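Being a predicted model, the structure only gives us computed values, none of them experimental. Proteins get letters first, then strands, A, B, ... in listed order; numbering begins at 1 in each.
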Number of protein chains: 2
Amino acid sequence: MSTLGRVASAEPAAVDPAAPPYNAAQNRIIAAAIELFAEHGVGGTSLSMIADAVGVTKAAVYHHFKMKEEIVLAAAQAELANLEAAIDTAEAEPNRSRAREVLVARIVDLAVERRRMESTLLSDPVIVRFFAHHEPYLRVMDRLYRLLTGEGAVPDARVSAAMLTAAIGGAVMHPLVADLPDEALRSQLLHLARRFLDLPD
Amino acid sequence: MSTLGRVASAEPAAVDPAAPPYNAAQNRIIAAAIELFAEHGVGGTSLSMIADAVGVTKAAVYHHFKMKEEIVLAAAQAELANLEAAIDTAEAEPNRSRAREVLVARIVDLAVERRRMESTLLSDPVIVRFFAHHEPYLRVMDRLYRLLTGEGAVPDARVSAAMLTAAIGGAVMHPLVADLPDEALRSQLLHLARRFLDLPD
DNA sequence: GTCTATACGCGGATAGAC
DNA sequence: GTCTATCCGCGTATAGAC
(Lines give C-alpha, C1' and ligand atoms only; values in the text may rest on other atoms or scores of the structure.)
Protein backbone atom coordinates (compact mmCIF):
# COMPACT_ATOMS: atom_id res chain seq x y z
CA MET A 1 0.00 0.00 0.00
CA SER A 2 2.62 2.52 -0.89
CA THR A 3 0.33 5.41 -1.47
CA LEU A 4 2.71 7.36 0.68
CA GLY A 5 3.48 10.81 -0.54
CA ARG A 6 2.00 10.14 -3.91
CA VAL A 7 -0.32 13.09 -3.74
CA ALA A 8 -3.29 13.02 -6.00
CA SER A 9 -3.19 16.03 -8.24
CA ALA A 10 -6.93 16.45 -8.17
CA GLU A 11 -6.66 17.37 -4.49
CA PRO A 12 -6.87 20.87 -3.07
CA ALA A 13 -3.35 19.69 -2.25
CA ALA A 14 -3.36 20.93 1.32
CA VAL A 15 -0.39 23.15 0.45
CA ASP A 16 2.40 20.90 1.59
CA PRO A 17 5.37 21.87 -0.55
CA ALA A 18 7.65 20.54 2.21
CA ALA A 19 9.99 23.32 1.18
CA PRO A 20 11.56 24.78 4.32
CA PRO A 21 14.19 26.99 2.68
CA TYR A 22 12.77 30.42 3.33
CA ASN A 23 14.50 33.76 2.80
CA ALA A 24 15.14 36.43 5.41
CA ALA A 25 11.94 38.35 4.79
CA GLN A 26 9.92 35.18 4.99
CA ASN A 27 11.62 34.20 8.22
CA ARG A 28 10.73 37.51 9.82
CA ILE A 29 7.12 36.91 8.90
CA ILE A 30 7.24 33.40 10.28
CA ALA A 31 8.77 34.55 13.55
CA ALA A 32 6.11 37.19 14.02
CA ALA A 33 3.40 34.71 13.15
CA ILE A 34 4.63 32.20 15.71
CA GLU A 35 4.37 34.72 18.53
CA LEU A 36 0.92 35.80 17.48
CA PHE A 37 -0.34 32.26 16.98
CA ALA A 38 0.87 31.41 20.47
CA GLU A 39 -0.94 34.37 21.96
CA HIS A 40 -4.18 34.34 20.02
CA GLY A 41 -4.33 30.94 18.43
CA VAL A 42 -4.09 30.33 14.69
CA GLY A 43 -7.73 31.14 14.10
CA GLY A 44 -7.52 34.29 16.17
CA THR A 45 -4.56 35.69 14.27
CA SER A 46 -5.16 37.77 11.17
CA LEU A 47 -2.82 38.71 8.38
CA SER A 48 -3.12 42.33 9.43
CA MET A 49 -1.81 41.44 12.86
CA ILE A 50 1.12 39.63 11.30
CA ALA A 51 1.79 42.45 8.85
CA ASP A 52 1.67 45.04 11.63
CA ALA A 53 4.04 43.02 13.79
CA VAL A 54 6.54 42.81 10.95
CA GLY A 55 6.01 46.45 10.09
CA VAL A 56 4.71 46.06 6.56
CA THR A 57 1.34 45.90 4.86
CA LYS A 58 -0.77 42.87 4.17
CA ALA A 59 0.07 43.08 0.48
CA ALA A 60 3.75 42.79 1.27
CA VAL A 61 3.10 39.67 3.28
CA TYR A 62 1.14 38.22 0.39
CA HIS A 63 4.14 38.79 -1.79
CA HIS A 64 6.01 36.19 0.28
CA PHE A 65 3.22 33.76 1.01
CA LYS A 66 0.30 33.08 -1.27
CA MET A 67 -2.06 32.11 1.54
CA LYS A 68 -2.36 32.29 5.29
CA GLU A 69 -2.27 28.53 5.37
CA GLU A 70 1.29 28.61 4.07
CA ILE A 71 2.36 30.77 6.96
CA VAL A 72 0.68 28.44 9.41
CA LEU A 73 2.48 25.52 7.86
CA ALA A 74 5.82 27.30 7.92
CA ALA A 75 5.36 28.29 11.54
CA ALA A 76 4.47 24.77 12.57
CA GLN A 77 7.42 23.34 10.68
CA ALA A 78 9.76 25.87 12.25
CA GLU A 79 8.75 24.76 15.73
CA LEU A 80 8.96 21.15 14.67
CA ALA A 81 12.50 21.81 13.46
CA ASN A 82 13.52 22.82 16.97
CA LEU A 83 12.31 19.52 18.27
CA GLU A 84 14.07 17.71 15.46
CA ALA A 85 17.34 19.45 16.26
CA ALA A 86 17.07 18.23 19.86
CA ILE A 87 16.53 14.71 18.57
CA ASP A 88 19.51 14.98 16.23
CA THR A 89 21.75 15.91 19.13
CA ALA A 90 20.42 13.10 21.28
CA GLU A 91 20.85 10.51 18.57
CA ALA A 92 24.48 11.48 18.24
CA GLU A 93 25.11 10.23 21.77
CA PRO A 94 26.87 6.87 21.88
CA ASN A 95 24.70 5.08 24.41
CA ARG A 96 20.99 4.86 24.97
CA SER A 97 20.60 6.16 28.47
CA ARG A 98 22.85 9.11 27.77
CA ALA A 99 20.78 9.88 24.68
CA ARG A 100 17.61 9.99 26.72
CA GLU A 101 19.19 12.31 29.24
CA VAL A 102 20.29 14.71 26.57
CA LEU A 103 16.95 14.60 24.83
CA VAL A 104 14.92 15.33 27.91
CA ALA A 105 17.19 18.17 28.96
CA ARG A 106 17.00 19.71 25.51
CA ILE A 107 13.26 19.48 25.32
CA VAL A 108 12.85 21.04 28.74
CA ASP A 109 15.20 23.86 27.80
CA LEU A 110 13.35 24.43 24.59
CA ALA A 111 9.98 24.51 26.27
CA VAL A 112 11.01 26.88 29.04
CA GLU A 113 12.97 29.13 26.74
CA ARG A 114 10.12 29.59 24.38
CA ARG A 115 7.45 29.22 27.02
CA ARG A 116 4.11 29.36 25.34
CA MET A 117 5.23 29.24 21.74
CA GLU A 118 6.55 25.78 21.13
CA SER A 119 3.72 24.31 23.11
CA THR A 120 0.76 26.40 22.15
CA LEU A 121 1.58 26.11 18.51
CA LEU A 122 2.00 22.37 18.54
CA SER A 123 -1.27 21.98 20.44
CA ASP A 124 -3.36 24.33 18.34
CA PRO A 125 -6.29 22.39 16.91
CA VAL A 126 -5.59 23.59 13.41
CA ILE A 127 -2.00 22.44 13.58
CA VAL A 128 -2.74 19.19 15.36
CA ARG A 129 -5.15 18.26 12.62
CA PHE A 130 -2.62 19.16 10.01
CA PHE A 131 0.19 17.17 11.60
CA ALA A 132 -1.93 14.13 12.30
CA HIS A 133 -1.21 12.86 8.79
CA HIS A 134 1.96 14.76 8.08
CA GLU A 135 4.71 12.27 7.27
CA PRO A 136 7.70 14.36 8.38
CA TYR A 137 5.99 15.04 11.70
CA LEU A 138 5.21 11.39 12.22
CA ARG A 139 8.82 10.47 11.49
CA VAL A 140 10.09 12.98 14.03
CA MET A 141 7.69 11.60 16.59
CA ASP A 142 8.77 8.08 15.79
CA ARG A 143 12.38 8.97 16.47
CA LEU A 144 11.28 10.74 19.63
CA TYR A 145 9.53 7.82 21.17
CA ARG A 146 12.19 5.39 20.13
CA LEU A 147 14.69 7.49 22.01
CA LEU A 148 12.46 7.86 25.02
CA THR A 149 11.44 4.28 25.36
CA GLY A 150 14.10 2.32 23.59
CA GLU A 151 11.36 0.48 21.82
CA GLY A 152 9.40 0.63 18.63
CA ALA A 153 5.97 1.98 18.02
CA VAL A 154 4.20 -0.19 20.53
CA PRO A 155 1.19 1.49 22.12
CA ASP A 156 2.77 1.82 25.55
CA ALA A 157 5.68 3.72 24.15
CA ARG A 158 3.44 6.02 22.22
CA VAL A 159 1.35 6.90 25.25
CA SER A 160 4.45 7.46 27.29
CA ALA A 161 6.00 9.75 24.69
CA ALA A 162 2.75 11.61 24.22
CA MET A 163 2.41 12.14 27.95
CA LEU A 164 5.93 13.34 28.48
CA THR A 165 5.92 15.81 25.63
CA ALA A 166 2.45 17.00 26.59
CA ALA A 167 3.52 17.31 30.21
CA ILE A 168 6.53 19.43 29.41
CA GLY A 169 4.87 21.47 26.72
CA GLY A 170 1.65 21.94 28.63
CA ALA A 171 3.23 22.70 31.96
CA VAL A 172 5.24 25.69 30.77
CA MET A 173 2.18 27.46 29.52
CA HIS A 174 0.00 26.51 32.45
CA PRO A 175 -1.50 29.44 34.37
CA LEU A 176 -0.44 27.73 37.58
CA VAL A 177 3.23 28.31 36.86
CA ALA A 178 2.95 31.60 35.02
CA ASP A 179 4.64 33.51 37.81
CA LEU A 180 7.54 31.12 38.34
CA PRO A 181 10.93 32.36 37.18
CA ASP A 182 12.36 30.43 34.26
CA GLU A 183 15.16 28.82 36.20
CA ALA A 184 12.91 27.45 38.93
CA LEU A 185 10.51 26.13 36.35
CA ARG A 186 13.28 24.59 34.31
CA SER A 187 14.93 22.71 37.14
CA GLN A 188 11.72 21.41 38.60
CA LEU A 189 10.44 20.38 35.20
CA LEU A 190 13.65 18.57 34.41
CA HIS A 191 13.62 16.82 37.74
CA LEU A 192 10.09 15.56 37.30
CA ALA A 193 10.59 14.60 33.67
CA ARG A 194 13.63 12.54 34.60
CA ARG A 195 11.68 10.86 37.31
CA PHE A 196 8.95 10.04 34.81
CA LEU A 197 11.55 8.26 32.73
CA ASP A 198 13.13 6.54 35.71
CA LEU A 199 16.39 8.32 35.16
CA PRO A 200 18.63 8.64 38.23
CA ASP A 201 18.58 11.89 40.18
CA MET B 1 -20.19 21.43 47.46
CA SER B 2 -19.57 23.34 44.36
CA THR B 3 -18.77 26.88 45.29
CA LEU B 4 -17.96 27.70 41.71
CA GLY B 5 -18.90 31.20 40.80
CA ARG B 6 -20.13 32.08 44.26
CA VAL B 7 -17.64 34.91 44.39
CA ALA B 8 -18.59 38.50 44.63
CA SER B 9 -15.32 39.83 43.37
CA ALA B 10 -15.14 43.56 42.80
CA GLU B 11 -13.56 42.94 39.43
CA PRO B 12 -13.79 45.02 36.29
CA ALA B 13 -15.49 41.76 35.48
CA ALA B 14 -15.56 42.25 31.74
CA VAL B 15 -18.10 39.52 31.16
CA ASP B 16 -17.97 37.31 34.18
CA PRO B 17 -21.57 37.01 35.31
CA ALA B 18 -20.50 33.92 37.25
CA ALA B 19 -23.98 32.62 36.60
CA PRO B 20 -23.74 28.89 35.79
CA PRO B 21 -27.46 28.15 35.92
CA TYR B 22 -28.26 27.88 32.23
CA ASN B 23 -31.49 26.64 30.70
CA ALA B 24 -31.92 23.75 28.29
CA ALA B 25 -31.62 25.84 25.14
CA GLN B 26 -28.50 27.49 26.44
CA ASN B 27 -27.00 24.15 27.36
CA ARG B 28 -27.54 22.85 23.84
CA ILE B 29 -25.67 25.86 22.52
CA ILE B 30 -22.87 25.37 25.02
CA ALA B 31 -22.52 21.70 24.14
CA ALA B 32 -22.30 22.48 20.44
CA ALA B 33 -19.81 25.25 21.09
CA ILE B 34 -17.55 22.97 23.10
CA GLU B 35 -17.28 20.49 20.26
CA LEU B 36 -16.58 23.19 17.74
CA PHE B 37 -14.06 24.98 19.94
CA ALA B 38 -12.23 21.71 20.41
CA GLU B 39 -12.11 21.10 16.70
CA HIS B 40 -11.39 24.57 15.37
CA GLY B 41 -10.21 26.54 18.36
CA VAL B 42 -12.14 29.38 19.91
CA GLY B 43 -10.87 31.90 17.39
CA GLY B 44 -11.68 29.60 14.53
CA THR B 45 -15.27 29.01 15.56
CA SER B 46 -17.93 31.43 14.35
CA LEU B 47 -21.40 32.01 15.68
CA SER B 48 -22.77 30.76 12.39
CA MET B 49 -21.02 27.46 12.93
CA ILE B 50 -22.49 27.19 16.39
CA ALA B 51 -25.95 28.16 15.17
CA ASP B 52 -25.78 25.64 12.33
CA ALA B 53 -24.68 22.89 14.70
CA VAL B 54 -27.61 23.59 16.99
CA GLY B 55 -29.94 23.93 14.02
CA VAL B 56 -31.05 27.51 14.50
CA THR B 57 -30.02 30.91 13.19
CA LYS B 58 -27.46 33.29 14.63
CA ALA B 59 -30.22 35.57 15.88
CA ALA B 60 -31.67 32.75 17.95
CA VAL B 61 -28.30 32.15 19.52
CA TYR B 62 -28.03 35.83 20.34
CA HIS B 63 -31.33 35.59 22.13
CA HIS B 64 -29.63 33.33 24.68
CA PHE B 65 -26.20 34.91 24.83
CA LYS B 66 -25.49 38.58 24.34
CA MET B 67 -21.95 38.03 23.08
CA LYS B 68 -19.71 35.27 21.76
CA GLU B 69 -17.49 35.84 24.75
CA GLU B 70 -20.28 34.67 27.04
CA ILE B 71 -20.50 31.39 25.18
CA VAL B 72 -16.77 30.94 25.45
CA LEU B 73 -16.96 31.59 29.16
CA ALA B 74 -19.85 29.19 29.63
CA ALA B 75 -18.06 26.48 27.67
CA ALA B 76 -14.89 26.88 29.67
CA GLN B 77 -16.79 26.82 32.94
CA ALA B 78 -18.69 23.73 31.89
CA GLU B 79 -15.46 21.86 31.30
CA LEU B 80 -14.03 23.25 34.52
CA ALA B 81 -17.10 21.97 36.35
CA ASN B 82 -16.25 18.42 35.25
CA LEU B 83 -12.87 18.78 36.83
CA GLU B 84 -14.39 20.25 39.95
CA ALA B 85 -16.79 17.35 40.26
CA ALA B 86 -13.84 14.96 40.19
CA ILE B 87 -12.20 16.97 42.94
CA ASP B 88 -15.37 16.96 45.01
CA THR B 89 -15.48 13.20 44.85
CA ALA B 90 -11.84 12.85 45.76
CA GLU B 91 -12.10 15.22 48.70
CA ALA B 92 -14.90 13.11 50.10
CA GLU B 93 -12.45 10.25 50.57
CA PRO B 94 -11.39 9.78 54.18
CA ASN B 95 -7.64 9.45 53.70
CA ARG B 96 -5.12 11.27 51.57
CA SER B 97 -3.64 8.54 49.49
CA ARG B 98 -7.06 7.15 48.67
CA ALA B 99 -8.16 10.63 47.64
CA ARG B 100 -5.27 10.91 45.22
CA GLU B 101 -6.06 7.56 43.70
CA VAL B 102 -9.66 8.52 43.13
CA LEU B 103 -8.74 11.89 41.72
CA VAL B 104 -6.25 10.55 39.20
CA ALA B 105 -8.61 7.83 38.07
CA ARG B 106 -11.42 10.32 37.60
CA ILE B 107 -9.30 12.75 35.67
CA VAL B 108 -8.03 10.04 33.38
CA ASP B 109 -11.56 8.81 32.76
CA LEU B 110 -12.72 12.31 32.04
CA ALA B 111 -9.91 13.00 29.62
CA VAL B 112 -10.31 9.77 27.68
CA GLU B 113 -14.07 9.95 27.63
CA ARG B 114 -14.11 13.41 26.20
CA ARG B 115 -10.87 13.03 24.28
CA ARG B 116 -10.07 16.31 22.66
CA MET B 117 -12.67 18.48 24.31
CA GLU B 118 -11.69 18.82 27.92
CA SER B 119 -8.10 19.26 26.94
CA THR B 120 -8.25 21.38 23.86
CA LEU B 121 -10.63 23.78 25.45
CA LEU B 122 -8.62 24.22 28.60
CA SER B 123 -5.46 24.77 26.59
CA ASP B 124 -6.89 27.19 24.08
CA PRO B 125 -4.90 30.44 24.24
CA VAL B 126 -8.03 32.51 24.59
CA ILE B 127 -9.27 30.45 27.50
CA VAL B 128 -5.88 30.13 29.15
CA ARG B 129 -5.58 33.87 29.18
CA PHE B 130 -9.03 34.22 30.57
CA PHE B 131 -8.51 31.69 33.34
CA ALA B 132 -5.11 33.00 34.34
CA HIS B 133 -6.78 35.55 36.61
CA HIS B 134 -10.10 33.83 37.10
CA GLU B 135 -10.61 33.32 40.83
CA PRO B 136 -12.89 30.25 40.65
CA TYR B 137 -10.44 28.55 38.30
CA LEU B 138 -7.53 29.31 40.56
CA ARG B 139 -9.38 27.90 43.55
CA VAL B 140 -10.15 24.69 41.70
CA MET B 141 -6.52 24.37 40.75
CA ASP B 142 -5.47 25.05 44.30
CA ARG B 143 -7.63 22.21 45.55
CA LEU B 144 -6.27 20.04 42.75
CA TYR B 145 -2.64 20.43 43.62
CA ARG B 146 -3.29 20.16 47.32
CA LEU B 147 -4.85 16.80 46.65
CA LEU B 148 -2.09 15.71 44.32
CA THR B 149 0.81 16.75 46.46
CA GLY B 150 -0.56 16.95 49.96
CA GLU B 151 1.05 20.32 50.24
CA GLY B 152 0.18 23.94 49.79
CA ALA B 153 0.95 26.22 46.92
CA VAL B 154 4.69 25.76 46.96
CA PRO B 155 6.29 25.99 43.51
CA ASP B 156 7.22 22.32 43.32
CA ALA B 157 3.64 21.29 43.86
CA ARG B 158 2.41 23.68 41.24
CA VAL B 159 4.82 22.40 38.61
CA SER B 160 3.93 18.84 39.46
CA ALA B 161 0.20 19.49 39.22
CA ALA B 162 0.63 21.44 35.99
CA MET B 163 2.65 18.62 34.48
CA LEU B 164 0.26 15.89 35.45
CA THR B 165 -2.84 17.63 34.21
CA ALA B 166 -1.07 18.70 31.06
CA ALA B 167 0.23 15.18 30.55
CA ILE B 168 -3.17 13.60 30.84
CA GLY B 169 -5.02 16.28 28.95
CA GLY B 170 -2.40 16.64 26.25
CA ALA B 171 -1.79 12.96 25.74
CA VAL B 172 -5.37 12.10 24.86
CA MET B 173 -5.45 14.55 22.01
CA HIS B 174 -1.97 13.76 20.78
CA PRO B 175 -1.78 12.56 17.17
CA LEU B 176 0.51 9.77 18.35
CA VAL B 177 -2.30 8.04 20.19
CA ALA B 178 -5.16 9.00 17.91
CA ASP B 179 -5.62 5.43 16.70
CA LEU B 180 -5.52 3.75 20.11
CA PRO B 181 -8.81 2.39 21.38
CA ASP B 182 -10.15 4.20 24.43
CA GLU B 183 -9.62 1.34 26.82
CA ALA B 184 -5.97 0.82 25.92
CA LEU B 185 -5.34 4.52 26.19
CA ARG B 186 -7.15 4.75 29.50
CA SER B 187 -5.32 1.93 31.22
CA GLN B 188 -1.89 2.97 30.03
CA LEU B 189 -2.53 6.58 30.92
CA LEU B 190 -3.71 5.63 34.37
CA HIS B 191 -0.72 3.41 34.90
CA LEU B 192 1.74 6.12 33.95
CA ALA B 193 -0.07 8.82 35.89
CA ARG B 194 0.00 6.69 39.01
CA ARG B 195 3.67 6.08 38.54
CA PHE B 196 4.25 9.79 38.20
CA LEU B 197 2.62 10.23 41.60
CA ASP B 198 4.50 7.30 43.13
CA LEU B 199 1.31 5.43 43.74
CA PRO B 200 1.64 1.64 44.02
CA ASP B 201 0.85 -0.47 40.99
C1' DG C 1 9.44 44.49 -2.41
C1' DT C 2 6.53 47.50 -0.72
C1' DC C 3 2.89 50.51 -1.20
C1' DT C 4 -2.45 52.19 -1.95
C1' DA C 5 -6.71 50.84 -3.24
C1' DT C 6 -10.17 47.73 -3.65
C1' DA C 7 -13.19 43.44 -4.19
C1' DC C 8 -15.91 40.41 -1.72
C1' DG C 9 -17.42 37.48 1.80
C1' DC C 10 -17.84 36.37 6.55
C1' DG C 11 -17.67 37.71 11.25
C1' DG C 12 -20.24 39.69 15.25
C1' DA C 13 -24.16 41.97 16.43
C1' DT C 14 -29.01 44.27 16.17
C1' DA C 15 -34.02 45.38 14.68
C1' DG C 16 -38.33 43.96 14.22
C1' DA C 17 -41.93 40.63 12.34
C1' DC C 18 -44.28 36.35 13.57
C1' DG D 1 -37.91 31.87 20.67
C1' DT D 2 -37.08 31.81 16.27
C1' DC D 3 -37.06 33.88 11.98
C1' DT D 4 -35.52 37.37 7.90
C1' DA D 5 -33.12 41.23 6.93
C1' DT D 6 -29.58 44.26 7.67
C1' DC D 7 -25.42 47.02 9.51
C1' DC D 8 -20.70 47.47 9.67
C1' DG D 9 -16.10 46.17 10.28
C1' DC D 10 -12.55 43.03 9.43
C1' DG D 11 -10.82 38.98 7.14
C1' DT D 12 -8.50 37.02 3.00
C1' DA D 13 -6.91 37.98 -1.25
C1' DT D 14 -5.73 40.64 -5.64
C1' DA D 15 -4.44 44.55 -9.00
C1' DG D 16 -1.42 47.72 -10.27
C1' DA D 17 1.63 51.90 -9.27
C1' DC D 18 6.29 53.11 -7.57
Side-chain angles (χ1 to χ4, degrees), chain A residues 11-17 19 21-76 121 124-127 129-130, chain B residues 13-17 19 21-76 121 124-127 129-130:
Chain A
E11 274 292 298
V15 203
D16 186 7
Y22 297 108
N23 63 37
Q26 286 172 319
N27 285 328
R28 262 180 290 121
I29 292 169
I30 293 167
I34 288 174
E35 293 217 29
L36 289 165
F37 290 160
E39 192 163 353
H40 306 284
V42 172
T45 302
S46 71
L47 274 167
S48 310
M49 292 162 74
I50 296 172
D52 287 352
V54 175
V56 296
T57 61
K58 284 190 288 180
V61 173
Y62 273 106
H63 182 258
H64 296 288
F65 295 93
K66 280 185 244 307
M67 300 183 301
K68 180 185 177 182
E69 201 178 349
E70 280 182 30
I71 301 177
V72 174
L73 172 59
L121 244 197
D124 187 286
V126 176
I127 293 181
R129 288 173 70 88
F130 171 74
Chain B
V15 198
D16 187 6
Y22 297 109
N23 62 39
Q26 285 173 321
N27 284 329
R28 260 181 291 121
I29 293 169
I30 292 167
I34 287 174
E35 293 218 31
L36 289 165
F37 290 161
E39 192 163 352
H40 305 283
V42 172
T45 302
S46 72
L47 275 166
S48 311
M49 292 161 76
I50 297 172
D52 287 352
V54 175
V56 296
T57 62
K58 280 193 290 180
V61 173
Y62 272 104
H63 182 257
H64 297 288
F65 295 93
K66 279 184 244 308
M67 299 183 301
K68 181 185 178 183
E69 202 177 349
E70 280 183 32
I71 300 177
V72 174
L73 172 59
L121 243 197
D124 187 286
V126 176
I127 293 181
R129 288 173 70 88
F130 173 74

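Using modelled atom types, no side-chain atom of B:Thr45 and backbone atom of B:His40 make a donor-acceptor pair closer than 3.5 Å.
Between B:His64 and D:dT2 there is a side-chain N or O to OP1 or OP2 distance below 4.0 Å.
You'll find the side chain of B:Asp124 stays beyond 4.5 Å of the side chain of B:Phe37, heavy atoms only.
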Per-nucleotide protein contact string for nucleotides 4-18 of chain D (B base, S sugar-phosphate only, - none; heavy atom under 4.0 Å) = B------SBBBB---
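A search for side-chain contact (heavy atoms from CB on, under 4.5 Å) contacts involving A:Val61 returns A:Ile29, A:Leu47, A:Ala51, A:Val56, A:Ile71, not counting sequence neighbours. With sequence neighbours left out, A:Arg129 forms a side chain to side chain donor-acceptor pair (under 3.5 Å) with B:Glu39. Residues meeting the side-chain contact (heavy atoms from CB on, under 4.5 Å) test with A:Ala32, sequence neighbours left out: A:Ala53, A:Val54.
Straight-line distance from the CZ atom of A:Phe65 to the C1' atom of C:dG1: 14 Å, rounded to whole Å.
For residues 54-68 of chain B, there are no salt bridge (Lys or Arg N to Asp or Glu O under 4.0 Å) pairs, not counting sequence neighbours.
Taking each heavy atom of A:Leu121 and A:Ala75 in turn, the nearest pair found is CD1-O, 3.8 Å.
Using a 4.0 Å cut-off on heavy atoms, none of the residues of residues 33-42 of chain A approach DNA chain D.
Taken to the nearest 0.5 Å, the OH atom of B:Tyr22 stands 5.5 Å off from the CD1 atom of B:Ile30.
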